[in-house]
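Working notes for the structure below.
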Amino acid sequence: MQAADEVMDMCLLAGEIMLKYGAETYRVEETLERMARASGFTNVHCFTTTTGIFLSFEERKGKEDLMQMVRIDDRMQDLNKVTEVNQVSREFTAGELTVGAAHERLIQIHKTPIHYPIWLIHLAAGVAGSGFSYLFGGRLVDLLPAYIAAVLASVTLVEFERYLKVRFAAEMAAAFIGGSVAIFLVYAGVGSSVDQIIIGSLMPLVPGVQLTNAVRDLLSGDLLAGMSRGVEALLTSLSIASGIALTISLFL
């Protein structure tokens with residue numbers, strides 16, 4: 001049987017990475033419980049919310065349970081890290097990795113920067129924005145202004161969140177900038193349909209992953225996590241709506 005403290009640290013680090021980068025709560029709980037049981041511990045219980053993970057297990061029969069928790073302050077989207085942690089979990093439960101080796105792999109995953117550079121994410125947001133603009137009825141001349149507005153909205157979101165540390169305020173500012181740029185470009189003669197261009201600029205901000213995870217958690221019976229993720233997605237939607245409403249009230 002492995003040392004309890006080492007296993008606890010390894011499991012909590014795996015759960016922290018998964019929850020921080022977009023995994024569903026039921027997947028986090030299942031992964032941590034499997035890894036703890038594979039280490040030889042019994043009476044394993046894991047409870048996960050969107051902001052914290054509680055893990056407890058029994059080292060040997062008759063001994064007091066060991067329990068620890070970790071708080072998750074930041075949440076972002078990088079499903080590649082979730083996939084890598086799942087692979088480490090599979091190899092560990094299959095006996096291909098020791099506790100030390102698995103822990104080292106997890107530390108490397110945690111320290112590795114996001115797989116794609118930030119400039120590429122901004123450009124991809126522009127491509128998505130222009131595509132959605134055309135999908136929702138825009139014309140070909142609307143692709144360029146929608147691209148520009150979506151890129152600037154994405155840049156605003158990242159930079160404001162970096163300095164303000166308040167995601168909802170950053171989302172409101174991003175929606176305001178995206179909508180303002182869309183209106184300005186139409187007034188300048190670049191593009192014809194301001195509605196479709198605004199829609200395109202906002203689509204990269206829509207909380208699709210949060211909504212999907214909220215539904216998955218609710219369907220799997222994790223009501224607390226599902227409702228909290230749903231509220232988070234609702235607040236994000238309200239922030240976007242507030243930002244674009246301010247834009248329309250000022251410039252239209």
Could you tell me if the side chain of [Y] sits less than 4.5 Å from the side chain of [X], heavy atoms only?
{"X": "Y21", "Y": "L79", "answer": "no"}
{"X": "Q210", "Y": "Q77", "answer": "yes"}
{"X": "T236", "Y": "F168", "answer": "yes"}
{"X": "M67", "Y": "M8", "answer": "no"}
{"X": "F136", "Y": "D195", "answer": "no"}
{"X": "Y134", "Y": "L143", "answer": "yes"}
{"X": "I53", "Y": "C46", "answer": "yes"}
{"X": "S39", "Y": "F92", "answer": "yes"}

Checking E6 against H103 for the side chain to side chain contact (heavy atoms under 4.5 Å, CB included) test, could you report, in this order, the C-alpha distance in whole Å, the side-chain angles of both residues, the deciding distance, and whether it holds? CA-CA 8 Å; E6 290 184 76; H103 199 188; over 6 Å; no
Report the distance from atom CG of L32 to atom CZ of R37, rounding to the nearest 0.5 Å.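 The CG atom of L32 sits 11.0 Å away from the CZ atom of R37.
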Could you grab the distance from atom CD of Q87 to atom CD of E96, nearest 0.5 Å is fine? 8.0 Å
Flag the pair [X] and [Y] as a salt bridge only when some basic side-chain nitrogen lies within less than 4.0 angstrom of an acidic carboxylate oxygen.
{"X": "R162", "Y": "E159", "result": "yes"}
{"X": "R27", "Y": "E30", "result": "no"}
{"X": "R105", "Y": "E91", "result": "yes"}
{"X": "R71", "Y": "E16", "result": "no"}

What verdict does the side chain to side chain contact (heavy atoms under 4.5 Å, CB included) test give for S133 and Y147, after you've listed the backbone C-alpha separation in whole Å, the side-chain angles of each residue and the deciding distance to 0.1 Å? CA-CA 9 Å; S133 175; Y147 178 89; over 6 Å; no
Would the number of heavy atoms belonging to other residues, nucleotides or ligands and lying under 6.0 Å from CZ of F176 be above 12?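 Yes, enclosed.
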Can you tell me if CZ on R75 sees more than 12 non-hydrogen neighbours from other groups inside 6.0 Å?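 For R75, atom CZ is crowded (more than 12 foreign heavy atoms under 6.0 Å).
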Any chance the side chains of S56 and H45 put a donor and an acceptor closer than 3.5 Å?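 Looking only at side-chain atoms, H45 and S56 do not form any donor-acceptor pair under 3.5 Å.
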With distance as the sole criterion, is a donor-acceptor pair present between the side chains of T25 and D217 under 3.5 Å? yes
By side chain to side chain contact (heavy atoms under 4.5 Å, CB included) - contacts of I177 (at least two apart): L152, T156, V181
Answer with yes or no whether the hydrophobic clustering places [X] together with [Y]; edges join I, L, V, M, F, W, Y residues whose side-chain heavy atoms lie under 4.5 Å apart.
{"X": "V206", "Y": "L238", "answer": "no"}
{"X": "L97", "Y": "L12", "answer": "yes"}
{"X": "V194", "Y": "I244", "answer": "yes"}

Side chain to side chain contact (heavy atoms under 4.5 Å, CB included) partner of L13, chosen from I109, V70, V85, I107: I107
Determine whether L223 and L218 satisfy the following criterion, side chain to side chain contact (heavy atoms under 4.5 Å, CB included), listing intermediate values before the conclusion. CA-CA 5 Å; L223 302 181; L218 288 172; 4.1 Å; yes
